[in-house]
Amino acid sequence: MKAKIIITPKKAVLDPQGKTVQTALAHMGYTDVTGVHIGKYIEIDLAPGTDKAAAHKALNDAAFKLLSNPVIEDYKLEIE
Amino acid sequence: MKAKIIITPKKAVLDPQGKTVQTALAHMGYTDVTGVHIGKYIEIDLAPGTDKAAAHKALNDAAFKLLSNPVIEDYKLEIE
Amino acid sequence: MNFAVLQFPASNCDQDAVHAVRLLGHSARLVWHKDASLGDTDCVIVPGGFSYGDYLRCGAIARFSPVMQAVKQFADNGGLVLGICNGFQVLTEAGLLPGALIRNRDLQFHCENIFLKTATIDSPFTNKIPAGKILRVPIAHGEGCYFADEATLAKLKANNQILWQYCDQDGNLTDSANPNGALQNIAGICNDQRNVAGLMPHPERACETLLGSDDGKWIFESIFAALKNKPVAQAA
Amino acid sequence: MTEPAITPELVAKHNLTPEEYAHAVAILGRTPSYTELGIFSVMWSEHCSYKNTKPLLKTFPTKSPKILVGAGEENAGIIDIGDGIAIAFKIESHNHPSAVEPFQGATTGVGGIVRDIFTMGARPVCAVNSLRFGELSDPTVRRLFSGVVSGIAHYGNCFGIPTVAGEVYFDKTYQGNPLVNAFCLGVLRHEQITRGAAKGVGNPVFYVGPATGRDGLAGAAFASQDLTEESAEQQRGAVQVGDPFMEKLVCEACLELLATGAVAGMQDMGAAGLTCSTCEMAARASTGIEIELDKVPQRAPNMSSYEIMLSESQERMLIVVHKGREEEVKRIFDKWDLPWSEIGIITDTGHMKVRHGGKLVVDIPAKKIADESPVYQREAVEPAYLKAVRAFRLDGIADTTSPADNLKKLLAWPSIASKNWVYRQYDHQVRDGSVVLPGSDAAVIRIKADSLPVMTAELAAQVAGKPVPDKLIAMTVDCNGGYVYLDPYEGAKSAVAEACRNLACSGALPLGATDNLNMPSPLKPELFWQIKESVRGLAEGCKAFNAPVTGGNCSLYNQSPAGPIDPTPTISVVGLIDKPEHVTTQWFKDAGDAIILLGDAVDTTDPILGLGGSAYLQVIHGQKNGSPPRCDLEVAKTLHTTLIGLIHSGLVKSAHDCSEGGLAVALAESCISQLIARDTPRLIGATIDLSALKDVRLDALLFGETQSRIVISCKAVEAVKVVERAKLMGVPAVQIGKVGGDTLTVKTASGEFSAPLTELHDAWWNSIARAMA
Ligand SMILES: Nc1ncnc2c1ncn2[C@@H]1O[C@H](COP(=O)(O)OP(=O)(O)O)[C@@H](O)[C@H]1O
Ligand SMILES: [Mg+2]
């Protein structure tokens with residue numbers, strides 16, 4: 001079983017990285033790009049037989065407290 | 001239209017960040033975790049009316065050349 | 001000799017490289033990243049810093065600057081190119097050097113002196129380094145852990161392309177002397193043509209005893225000597 | 001967009017008192033618009049107006065013939081260092097933002113102070129930081145600490161400025177309210193001084209730098225409130241993100257632009273963003289300014305005039321350009337791929353006028369709002385706790401019987417332990433100028449030709465053929481907040497004395513100072529008394545050492561639900577070293593050298609013998625109590641000039657002052673603090689004999705913190721000469737031992753103890769890393 005967490009900068013918060021990459025893409029000729037947002041992708045391997053609901057609850061907690069910075073980031077958690 | 005690119009470290013490459021997070025999760029009492037891999041998530045906004053196939057081709061190129069480093073990373077591109 | 005020191009947005013050791021070369025008696029000038037030509041140049045230095053903020057990946061964006069085309073051509077013609085720190089990262093991203101530099105194993109930026117062992121003096125970048133001399137040179141990086149797959153690593157070794165390795169005071173390649181987790185304690189390498197090299201430590205910060213060490217000058221002296229012995233390629 | 005009606009509640013929400021509001025109405029002659037209310041609110045916040053501290057700041061010594069730009073005139077003060085060269089420096093706090101988001105709070109703190117320096121036309125060449133956190137045993141503190149340190153590292157390293165010095169203390173008083181003070185120093189020629197004045201009616205006004213977003217809305221007002229549980233929550237939308245890459249480009253582009261001579265005035269958009277920069281620039285030049293918000297680059301859609309005017313998006317500058325030279329701005333900012341926009345014009349109306357969507361939304365007399373900010377004389381009452389502090393005696397405290405063990409504990413105490421875990425993360429060598437790195441008493445940097453900004457063609461022609469001689473600048477930042485709590489006046493004096501002592505140990509004489517008053521609320525008389533007494537101490541100290549204050553920062557309302565912080569007036573003193581051979585470091589050099597103590601071993605007139613507020617009492621006896629050691633400024637000054645004289649005569653091989661942990665810690669540090677390379681210290685031992693000092697408690701002798709003491713070493717054959725010369729100058733001096741061996745061995749009247757250097761080093765060097773692992 002795997003959990004996947006995607007962490008992205010909040011909309012209102014400046015994303016210097018995304019901006020810089022957007023400019024670089026434009027310089028390289030990718031002009032259809034109207035915005036770039038750079039975040040983190042975390043994949044967590046779970047031991048077989050892990051209880052999905054419990055894992056969801058625990059990882060949700062971890063994503064909020066440890067993996068993301070709720071002051072400036074949002075996250076999305078999926079378990080599959 | 002949006003493109004989403006997930007970039008992950010290759011298996012053979014050291015992922016100290018993943019290791020650190022795994023240890024931290026264990027400290028938080030979450031012991032079912034057997035591995036953590038940390039990568040990047042890039043979301044690209046595309047101008048409305050962009051041709052999907054062409055964008056796919058172009059971004060595939062960008063993902064290979066700029067957004068990821070094939071020596072150490074793999075990537076997955078999706079356009080929706 | 002004429003040195004061209006590249007200047008990317010947020011290069012920040014560019015002036016230091018110019019300073020070191022001039023201090024050692026040669027001329028150096030800055031070349032803007034948007035320039036397509038290197039002008040009259042004997043050696044190119046890709047300096048340290050945080051080109052493009054090191055956003056995305058260190059050196060990833062700089063590699064696409066117009067000037068890098070000229071550097072590639074200069075290198076293809078046998079010109080000497082030295083990448084220092086961020087410059088090393090740019091050169092690996094550009095494919096001019098094999099491998100990649102990833103996050104330090106303890107995830108922290110390290111600014112400190114390290115000891116360097118010269119693995120071979122058979123290169124334009126090491127030929128003047130006194131035999132057995134352990135260099136004391138500063139590092140300052142967060143992503144300096146050298147990585148290459150096994151095949152590449154084997155090739156590096158077979159071709160004698162490893163130039164410098166982190167060591168302890170007595171020259172032993174120990175794990176605790178390795179500041180970033182680099183494979184085989186690798187601090188710097190060259191390409192198989194031996195005219196392009198990169199290293200994470202900063203020799204340009206160690207050219208004056210006032211600043212604590214002048215061991216770095218041996219790397220520059222090696223380049224001067226190599227250039228003197230074989231005038232090389234024309235700039236692109 | 002409809003703006004809210006101005007109600008008393010709205011006024012109160014903007015932190016304006018009814019009287020302040022009435023004054024605003026009087027200035028305008030009408031009810032302010034919503035945007036204008038916002039402007040008054042930030043301009044008259046403590047952060048921008050210093051309304052509670054202005055009368056105190058006036059007491060600082062601010063004059064010296066070397067001062068080219070004085071305190072309060074501009075974004076930073078400037079001091080002449082000879083040969084046409086000058087330095088600009090200043091310290092600034094980012095305490096509250098760092099409490100909410102440590103990483104970004106610290107990055108934007110560094111970014112702000114670096115901007116203050118290049119705004120003056122100077123090239124920023126080094127940075128310093130002063131930090132306070134709660135105790136490291138608390139996981140939240142560790143998160144704050146590591147976030148702040150990596151934020152400072154991220155910004156400084158990427159910008160390419162060496163962070164060469166600093167200090168870190170851990171005490172539970174800072175638990176909920178960490179302190180993050182950032183200092184920056186820049187270099188320029190006298191002719192390159194740039195003013196933040198909106199000069200020249202008809203001149204265009206340019207906005208350069210990244211687009212404006214809804215970042216840090218009313219950050220200045222936030223910095224001027226108590227830090228409460230909710231404020232963290234409320235302010236979440238306000239977090240600003242630092243972009244050092246952008247700042248590096250803005251800095252280079254601005255310096256390049258200044259070299260064209262096209263600039264009439266320049267100011268960064270710091271606290272209160274566009275509002276403060278437009279107002280202050282017009283006020284300084286006694287002109288008016290008109291800007292059009294539709295021309296301001298915007299990151300977020302549908303921003304209101306209120307939001308645009310109050311946003312604190314980072315890395316933005318406001319530049320007034322000589323009419324007709326607009327093309328140069330465009331050329332240079334395009335070269336650096338930076339956004340720019342011509343947003344307005346200088347007028348002769350004296351008013352700041354702002355248009356948005358074709359409507360006039362702001363029309364305020366600029367000078368009035370800038371100069372007529374409210375000023376308060378607050379009531380000061382001596383706090384009651386000081387009675388007990390002064391009455392504290394050592395009677396109930398048994399003298400030490402395990403000095404070696406005490407020493408190890410002190411060396412491992414995070415406030416004393418080596419801060420290598422911190423400064424190793426900072427690039428402290430970029431720019432090829434760091435002569436003494438972090439880890440000795442004061443940092444020393446070398447200024448060379450390429451430290452200076454690019455010159456105009458005119459200036460270049462003028463100085464052609466006159467090479468810049470290398471210059472050596474030393475700097476340090478100090479403050480023992482515990483001392484200040486226990487006696488604000490003496491504690492503040494001691495902070496200045498320690499800073500100057502650290503400079504003396506490195507071979508430097510003070511040039512000037514910049515201070516950061518990190519204080520609790522000025523509204524409580526007991527707390528305001530602390531502020532007032534601290535300022536009195538700082539002022540006297542700076543006067544005594546000829547270190548005029550060239551600027552600084554006030555950060556009030558530093559208190560969390562757990563209570564106010566210890567008053568912490570950090571002070572950074574900058575000095576000059578005239579020759580490279582006079583640069584001195586703190587570690588012992590060669591076996592056989594003599595070790596000499598300059599200054600009285602123990603202040604016997606102090607009933608608690610220098611143990612008041614000491615690290616020893618805190619670590620070994622769990623008490624932060626007693627009047628801190630008194631600092632006689634005359635004695636201190638004589639000590640410093642004597643040491644400098646000895647250094648100039650080439651007699652001194654090492655010099656290290658006694659501060660926290662006293663003589664024993666100073667000796668141990670002299671044995672273990674030299675670093676050759678990573679994980680490779682150079683340990684060199686010492687044998688000390690203090691047995692001549694008989695009638696004094698052992699703990700006071702070893703760990704007391706009597707002021708004005710320096711441990712030096714010199715060649716054995718010169719020991720007598722050194723002692724004689726010091727005595728001749730009126731400084732007590734005695735040889736207390738010699739260098740050599742692999743232990744620190746100390747003989748006293750009550751016996752001898754010895755500790756292996758490897759153990760002392762491990763305790764001192766690795767303690768913070770262990771706590772953070
Ligand atoms: N936050 C920091 N950043 C950079 N250097 C630091 C920091 N904290 C401490 N240092 C350095 O560590 C050394 C010891 O600092 P400190 O214990 O404050 O010395 P002192 O007691 O002499 O003032 C100094 O060189 C100081 O500059
Ligand atoms: Mg000191």
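Proteins come first, then strands; the chains are lettered A, B, ... in the order of their sequence lines, and each starts at number 1.
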Kindly give the heavy-atom pair with the smallest separation between D:C158 and C:G53, and that separation in Å. SG-CA, 3.8 Å
Polar contacts chain C-chain D (donor-acceptor, d < 3.5 Å, no H, no angle):
residue, atom, partner, partner atom, Å
C:N12, ND2, D:N157, O, 3.3
C:N12, ND2, D:C158, O, 3.1
C:D16, OD2, D:R431, N, 2.8
C:D16, OD2, D:D432, N, 3.4
C:K34, NZ, D:K335, O, 2.8
C:K34, NZ, D:D337, OD1, 3.3
C:K34, NZ, D:D337, OD2, 3.3
C:Y55, OH, D:D243, OD1, 2.6
C:Q108, OE1, D:R424, NH2, 3.2
C:C111, N, D:R424, O, 2.7
C:E112, OE2, D:R678, NH1, 2.9
C:N113, O, D:R678, N, 2.8
C:R136, NH1, D:I676, O, 2.8
C:S176, O, D:R678, NE, 3.1
C:S176, O, D:R678, NH2, 3.0
C:R205, NH1, D:D427, OD1, 3.0
C:R205, NH1, D:D427, OD2, 3.4
C:R205, NH2, D:D427, OD2, 3.0
C:E208, OE1, D:R446, NH1, 2.8
C:E208, OE1, D:R446, NH2, 3.4
C:E208, OE2, D:R446, NH2, 3.0

Between D:I161 and chain C, which part of the residue has a heavy atom less than 4.5 Å away: side chain, backbone, both or neither? neither
Greater than 12 external heavy atoms within 6.0 Å of C:I121's CD1: no
Top contributor to chain C interface from D:L249, D:I676, D:L675 [non-hydrogen pairs under 4.5 Å]: D:I676
